[in-house]
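Working notes, beginning with the structure itself.
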Number of protein chains: 2
Amino acid sequence: MSLQNALLGFLNYRPMTGYELKQTMDVSTSNFWHAKQSQIYTTLKKMEGNGLVISDVQAQDGRPDRRVYTITQTGIADLRSWLSQPVMELQARKELVLLKLFFSADEKKQALITQLQLQRDLHQRELLRYQGETKVVIQQFAAALPGGAKKALLWNATRRYGEMYEEMAIRWIDETVKLIKEEL
Amino acid sequence: MSLQNALLGFLNYRPMTGYELKQTMDVSTSNFWHAKQSQIYTTLKKMEGNGLVISDVQAQDGRPDRRVYTITQTGIADLRSWLSQPVMELQARKELVLLKLFFSADEKKQALITQLQLQRDLHQRELLRYQGETKVVIQQFAAALPGGAKKALLWNATRRYGEMYEEMAIRWIDETVKLIKEEL
DNA sequence: CGCACCATGTAATGCGTTACATGATTTT
DNA sequence: AAAATCATGTAACGCATTACATGGTGCG
């Protein structure tokens with residue numbers, strides 16, 4: 001359901017192809033919302049069937065045709081309605097690493113530590129991305145759109161969430177590794 | 001795929017019915033892994049077909065029959081293999097609240113603040129649960145199983161993740177609300 | 001009297017991933 | 001010469017949710 005809303009959100013900025021939508025998501029919302037190319041194509045098709053978007057095929061020379069999607073009035077109304085409805089529950093999470101750890105009482109101490117350190121490296125890399133590249137991308141996107149300052153503030157809030165999340169994850173790993181070393 | 005492993009993990013402690021597995025998950029892993037009752041039943045059935053578990057129907061008087069599942073040698077081997085394989089990637093997340101916030105530049109300032117405060121209350125409640133009830137449940141479960149101390153340490157690490165996550169979420173909301181009030 | 005708990009499951013539908021299929025252009 | 005990028009999509013499958021279906025026991 002919410003991939004549709006994400007796509008409407010982007011198409012509300014400007015008309016785009018499925019390919020462009022995928023790329024845009026990858027550099028902006030991938031932190032908290034992602035989708036595969038194939039799912040984006042099938043979802044756009046379904047949305048056109050429901051009148052939320054319309055598509056227009058543009059021929060290109062030496063390149064494949066582009067199918068450009070534009071949001072309709074119905075789509076705009078749908079997006080507004082979705083944005084105005086508050087989220088009343090917490091999001092349920094799935095964390096494979098925690099699930100394994102939960103059942104790992106018989107695993108070797110060293111294997112657990114290695115696993116956690118591996119994850120720590122990954123979190124560290126993400127943290128640096130949020131602090132560097134992501135900040136730059138936000139400024140670029142905001143400069144290219146009307147109302148950029150407002151948008152940049154909110155986009156940066158979502159970036160900041162990613163940053164704080166990764167910092168937390170690293171703190172948790174360090175604390176947990178210490179505990180395993182000392183008390184397991 | 002990993003619901004199967006979660007179920008194997010629990011059945012490795014003792015034989016259980018689908019109903020008991022659901023209840024056990026709800027008070028232990030629901031923080032980082034959850035499933036609906038119907039999915040648990042269908043998954044157990046599939047697992048029996050694959051030889052990971054066997055079931056035995058026990059008649060009861062005045063109560064519905066119980067189908068008790070027991071882990072097989074194949075199931076134990078499968079669980080061990082899964083536990084020994086490290087997770088090499090970060091988990092992708094989906095956060096509906098962030099997605100909405102990302103597209104909310106045209107929403108009323110007050111609506112955004114109300115939404116965030118609503119979520120703050122939910123996170124606060126979860127935080128208290130991790131600091132209270134969850135701690136107690138872990139002690140109870142650990143006392144009833146062999147190797148309880150080791151298990152309690154790891155279970156508590158997953159509880160601590162939940163606690164730290166909620167604290168982080170609250171900090172992020174407070175920071176974001178302040179930003180919206182002052183700068184939007 | 002009504003609600004929660006015990007206990008099982010199936011069917012339909014929707015969301016998401018992987019694999020399949022094609023082919024030119026641009027960069028390394 | 002190989003890989004990445006541009007650009008489209010379909011088909012098969014698996015994971016997950018919602019709705020449907022049943023019925024007795026125990027508690028307030």
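Chain letters run A, B, ... following the sequence lines, proteins first and then strands; every chain starts at 1. Keep in mind it's a predicted model, so treat the numbers as computed, not measured.
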Exercise. Consider only side-chain N and O atoms of B:Asn31 and B:Tyr165, and report whether a donor and an acceptor are under 3.5 Å apart.
Key: no
Let me check something: any side-chain donor-acceptor pairs from residues 96-106 of chain B under 3.5 Å, sequence neighbours excluded? List them with distances.
from	atom 1	to	atom 2	distance (Å)
B:Lys100	NZ	A:Trp82	O	2.8
B:Lys100	NZ	A:Gln85	O	2.3
B:Ser104	OG	B:Lys100	O	2.5

Quiz item: Which residue pairs pass the side-chain hydrogen bond (donor to acceptor under 3.5 Å, both in side chains) test with at least one member in residues 65-80 of chain B, sequence neighbours excluded?
Solution: B:Ser55-B:Arg67
Exercise. Rounded to 10°, tell me the angle between the two end axes of the helix from C:dC1-D:dG28 to C:dT28-D:dA1, each built from five pairs.
Key: 50°
Residue pairs, two or more places apart or on separate chains, that pass salt bridge (charged side-chain N to carboxylate O under 4.0 Å, His left out) and touch [range]:
range                       : result
residues 128-156 of chain A : A:Glu126-A:Arg129
residues 171-184 of chain B : A:Arg160-B:Glu175, B:Arg120-B:Asp174
residues 33-46 of chain A   : none

Practice problem: Give, ordered by number, those residues of residues 93-104 of chain B having at least one heavy-atom distance below 4.0 Å to an atom of DNA chain C; if nothing qualifies, reply none. | Solution: B:Lys94
Self-check item: Within residues 77-92 of chain A: residues closer than 4.0 Å to DNA chain C (heavy atoms)
Solution: none
What does the list of N/O pairs under 3.5 Å between the protein and nucleotides 9-12 of chain D look like, with a distance for each?
from	atom 1	to	atom 2	distance (Å)
D:dG9	OP1	A:Arg67	NE	2.6
D:dT10	OP1	A:Lys45	NZ	2.4

Quiz prompt | Which residues share a side-chain hydrogen bond (donor to acceptor under 3.5 Å, both in side chains) with A:Glu166, sequence neighbours left out | solution = A:His123
Quiz item: Is B:Trp172 reaching over with its side chain to a backbone N or O of A:Gly162, donor-acceptor style, under 3.5 angstrom?
Solution: no
Quiz item: Has the side chain of A:Gln37 got a donor or acceptor atom that lies under 3.5 Å from a matching backbone atom of A:Lys22?
Solution: no
Exercise. Could you pull out all residues at least two apart from B:Lys94 that satisfy salt bridge (charged side-chain N to carboxylate O under 4.0 Å, His left out)?
Key: none
Quiz item: Of all of residues 8-30 of chain A, which get a heavy atom below 4.0 angstrom from DNA chain D, listed by number?
Solution: A:Thr17, A:Tyr19, A:Gln23
